[in-house]
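These notes are about the structure you will find just below.
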Amino acid sequence: MNIEDRIAQIVEASVSELSGREIKPGQVVLQRTRKDFEGDLTLVVFPFVGLMRRSPEDTAGYFGDILVEKLEEVESFNVVKGFLNLSLTKGFWLNFLKNYSGDEAFGLIKPGKQPQVKARGPVVVEYSSPNTNKPLHLGHIRNNLLGYSVACILEGAGREVVKVNLVNDRGIHICKSMLAWMCFGNGETPGSSGKKGDKLVGEYYVLFERELRVQARELMESKGLSEEEARNQAPLMQEARELLLRWESGDREVVDIWKQMNGWVYDGFDATYRRLGVDFDKIYYESDTYLLGKETVLEGLKNDGLYKKEDGSVWADLQDDKLDDKLLLRADGTSVYMTQDIGTAQLRYDDYQPGRMVYVVGNEQNHHFNVLKKVLQKLDKPYADAIYHLSYGMVELPAGKMKSREGTVVDADDLMDEMEETARRMTEELGKTQDFNDIEKKELYQIIGLGALKYFILKVDPKKNMLFNPEESIDFNGNTGPFIQYTHARICSVLRTAGEERLVNAHGFPADIQLQEKEKQLIKTIYDFPGVVKEAAEEMSPARIANYTYEVAREFNQFYHDHSILNEPDQFVSDFRLCLSELTARTIRNGMGLLGIRVPERM
RNA sequence: GGUUCCGUAGCUCAGCUGGAUAGAGCAACAGCCUUCUAAGCUGUGGGUCCCAGGUUCGAAUCCUGGCGGAAUCACCA
């Protein structure tokens, strides 16, 4: 049991002993002592003064005496108003460091280590979920980074995780790209034009929209139709719908083209995913799941919650939830978005029996997931309550939301190019890579450029909208990925200079060294890492890890500035600092790993 | 209009289940490399935590009501 729990236990016991009343678990709150006060852990005693019938000061003093007496790790205490500040012995901190300095996986729980967690089944995390008609942009980047990181964090907290992608590969939007390509493509392929597959298909989607707009305008002028009517009646739109029907009926020619063009897109996506450093354990395709959705809905008609209208359409009755009824199948029997999600949820459950199904999807779909959950409850699905929508905010530009029609989307590949280029420029200006070979340089610029981008996005609370200004490049100084990476590289440099043998021997430093202020601060911060991982997993918040890791790096730099590690004359102190540096580097590496950010050993 | 989310320094963001004097970075200014990587460190200035009530020992945090912004309320995905 850790020291916080032991303190809490003793406090609980003595409160109930004295007052004759049990206190609820979790009512004893221990927090880190603020830096401007003396002590390591602080117990706020206000909640107990009523029960104890003493002044806050007396209550705090009373607990202080008991804790010093019962726990050898608690060295002393001081009381400020109702705050009991406990100081732990330096032996406690030094032993913590000794215990973990050899632990590569510090802060992380190995999968399956907690049996009760395993019993709940794996967590399925869905993220990315692209449409196959346009390339990935900055919004997708946030989605991918969040999803990947949340999966890593859950894994780090001991959960079994399955990462899945749901590709929306069917529907009218795909037909638009196909039609444009059939009409104007002249057989262009990624091979013939050298274009990336997803970009090429995206261009035809844009082309379709442009041509459609021309046709619609003509109709608006010649027949005086509204824009909506005109778009609907335009020949291109009618052809696209016809194409969809042919696809649904399995028309050989259409399906072949569909397969071919989707194949190009997948090649393009794969390249972008690889570069971003994200991956999946399983990929679902909506073309495979929408039929199961239909079945599930028809099956559900036996339940009370669903009903069929006279025209044959099927609806979910959501009156009880004060929501409008939701259409699940059109009169012609075709499915809608909701139907597909019902199908994929079912399939996912059949595949993994997950304890939780996390959907990393933008907050624009809050309502959709609300309804999905309700509908699955109506269908009496056991997994309805396992559904969790990890809803994240939009990435906005200074001018507002990104709009593909107005060409204001920030392309994922372009952005990564820019980041790497900035990394190259800055690194060369600083003259850091003169002895790197070309391959090493390229890899380093990738690590730094992507690190900057990923950290920039992940440090923001997922549920908040965030701003990206393309005019100002993402920072490399201050609270940034490269700052943290740099701190890691700095430590590695020291460890390299020390050498393997020296490092191993250093672990034997004695546990009675005099601790300097910055050293203690750093140890205390590192001590928090496992708890931060746990909380980040509960909240599914990479931002928590990002901000914590930054704090570690900042504190190391202060320590590093004030104290010499290898040039310290006292051998034992030097050994201790070496171990402290080593554990700091590992904490940074593991923390950044949870964000999907690599850290270089030199930069 | 209904529902949900957001509102903290000039800008971008932290602030954990209510706790002590609200923190970082950027930008500005002033310092620190003969010493383990200066992508670093130190200092200065910068706040009506949107507003008003309420809950209590104690509120940026919880509740209610406003104001401002975003999303959504499709037989689109």
Side-chain angles (χ1 to χ4, degrees), chain A residues 26 29 31-34 36-37 42 44 46-47 49-50 56 80-83 85 129 131 133 168 170-173 286 311 313 315 322-324 326-332 334-338 340-341 362-368 370-371 391 393-394 396 400-401 423 426-427 429-430 432 448 452 456 459-461 463-469 472 475-480 482-487 489-498 528 531-532 535-536 538-539 541 543-544 546-548 550-551 553-554 556-558 560-568 577-578 581 602-603:
Chain A
V29 196
Q31 48 199 246
R32 262 176 68 190
T33 304
R34 286 180 61 115
D36 27 349
F37 291 90
T42 294
V44 183
F46 288 113
V49 296
V80 182
K81 294 187 282 183
F83 297 91
N85 300 320
S129 322
N131 289 344
N133 61 333
N168 183 3
R170 62 171 289 274
I172 189 76
H173 49 287
E286 287 196 347
D311 65 359
S313 57
W315 297 72
K322 291 178 182 164
L323 293 169
D324 290 337
K326 178 70 195 175
L327 176 96
L328 299 178
L329 287 177
R330 297 189 184 98
D332 63 3
T334 57
S335 61
V336 292
Y337 182 48
M338 185 63 71
Q340 296 174 10
D341 262 1
N363 60 14
E364 58 205 349
Q365 294 194 35
N366 285 353
H367 184 252
H368 171 79
N370 217 341
V371 173
S391 159
M394 300 288 101
E396 287 171 344
K401 214 182 155 181
M426 292 196 64
T427 308
E429 274 170 16
L430 292 167
K432 298 260 187 181
I448 297 174
F456 174 80
K459 75 171 175 178
V460 181
D461 182 347
K463 69 168 178 279
K464 289 186 179 171
N465 285 359
M466 62 176 294
L467 185 80
F468 174 79
N469 188 347
E472 306 166 8
D475 254 308
F476 282 55
N477 298 323
N479 186 357
T480 66
F483 168 87
I484 299 170
Q485 291 172 321
Y486 172 72
T487 307
R490 249 182 160 183
I491 298 172
C492 287
S493 169
V494 174
L495 299 181
R496 262 197 311 277
T497 307
D528 288 338
V532 170
E535 283 173 23
E538 280 161 10
E539 297 164 22
S541 173
R544 200 65 204 283
N547 287 299
Y548 168 79
Y550 170 63
E551 197 186 332
R554 219 177 69 222
F556 178 84
N557 280 317
Q558 290 173 20
Y560 182 87
H561 180 264
D562 287 4
H563 304 292
S564 194
I565 299 164
L566 297 175
N567 300 326
E568 162 62 41
R577 288 181 183 160
L578 207 48
S581 304
R602 297 167 60 207
M603 71 182 271

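Numbers restart at 1 for each chain; the letters A, B, ... are given by sequence-line order, proteins then strands.
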Which whole-number value in Å describes the distance from [X] [atom1] to [N] [atom2]?
X: A/Asp36; N: B/G23; atom1: CG; atom2: C1'; result: 12 Å
X: A/Phe556; N: B/A24; atom1: CZ; atom2: P; result: 20 Å
X: A/Glu551; N: B/C16; atom1: CD; atom2: C1'; result: 12 Å
X: A/Leu327; N: B/C73; atom1: CG; atom2: P; result: 14 Å
X: A/Lys463; N: B/A71; atom1: NZ; atom2: P; result: 19 Å
X: A/Asn469; N: B/U12; atom1: CG; atom2: C1'; result: 10 Å
X: A/His367; N: B/C5; atom1: NE2; atom2: P; result: 14 Å
X: A/Asn363; N: B/U72; atom1: CG; atom2: C1'; result: 9 Å

Given the [atom1] atoms of [N] and [M], what is the spacing between them in whole Å?
N: B/G54; M: B/A60; atom1: P; answer: 15 Å
N: B/A59; M: B/U12; atom1: C1'; answer: 26 Å
N: B/U21; M: B/U61; atom1: P; answer: 16 Å
N: B/C16; M: B/A77; atom1: C1'; answer: 36 Å

*Begin with the C-alpha distance, continue with both residues' side-chain angles, and end with the deciding distance and a verdict on side-chain hydrogen bond (donor to acceptor under 3.5 Å, both in side chains) for A/Tyr337 and A/Gln365.*
CA-CA 12 Å; A/Tyr337 182 48; A/Gln365 294 194 35; 2.8 Å; yes

Describe the nucleic acid contact of [X] in one word from base, sugar-phosphate, nothing, applying a heavy-atom distance below 4.0 Å.
X: A/Val336; answer: sugar-phosphate
X: A/Phe37; answer: base
X: A/Gln558; answer: sugar-phosphate
X: A/Leu430; answer: base
X: A/Phe46; answer: base
X: A/Asn133; answer: nothing
X: A/Ile448; answer: base

If [N] has a Watson-Crick or G-U wobble mate with both distances under 3.5 Å, name it; if not, just say none.
N: B/U64; value: B/A52
N: B/G58; value: none
N: B/G46; value: none
N: B/A39; value: none

*Name the closest nucleotide to the A/Lys81 side chain, picking from B/C41, B/A39, B/U21.*
B/U21

*Nearest of B/G40, B/A70, B/A39 to any side-chain atom of A/Asn465?*
B/A70

Any donor-acceptor pair, under 3.5 Å, between the side chain of [X] and the base of [N], if you only look at N and O atoms?
X: A/Lys322; N: B/U3; result: no
X: A/Thr480; N: B/A39; result: no
X: A/Asp341; N: B/A77; result: no
X: A/Thr427; N: B/A39; result: yes

_Measuring only between side-chain heavy atoms, which start at C-beta, is A/Phe468 closer than 4.5 Å to A/Phe456?_
yes

If you compare every side-chain N and O of [X] against the phosphate oxygens of [N] (OP1, OP2), does one of them come in below 4.0 Å?
X: A/Arg544; N: B/G15; result: no
X: A/Tyr337; N: B/A77; result: no
X: A/Gln485; N: B/A39; result: no
X: A/Asn477; N: B/G40; result: yes
X: A/Arg34; N: B/G23; result: yes
X: A/Lys464; N: B/U12; result: no

*Of A/Glu472 and A/Trp315, whose closest RNA chain B nucleotide lies nearer the 5' terminus?*
A/Glu472

*Closest-nucleotide ordering on RNA chain B, the 5'-leading residue of A/Met466 and A/Lys326*: A/Met466

*asked:* Quick one about A/Ser391 and A/Asn366 (side-chain donor to acceptor, distance below 3.5 Å, no hydrogens or angles considered), yes or no?
replied: yes

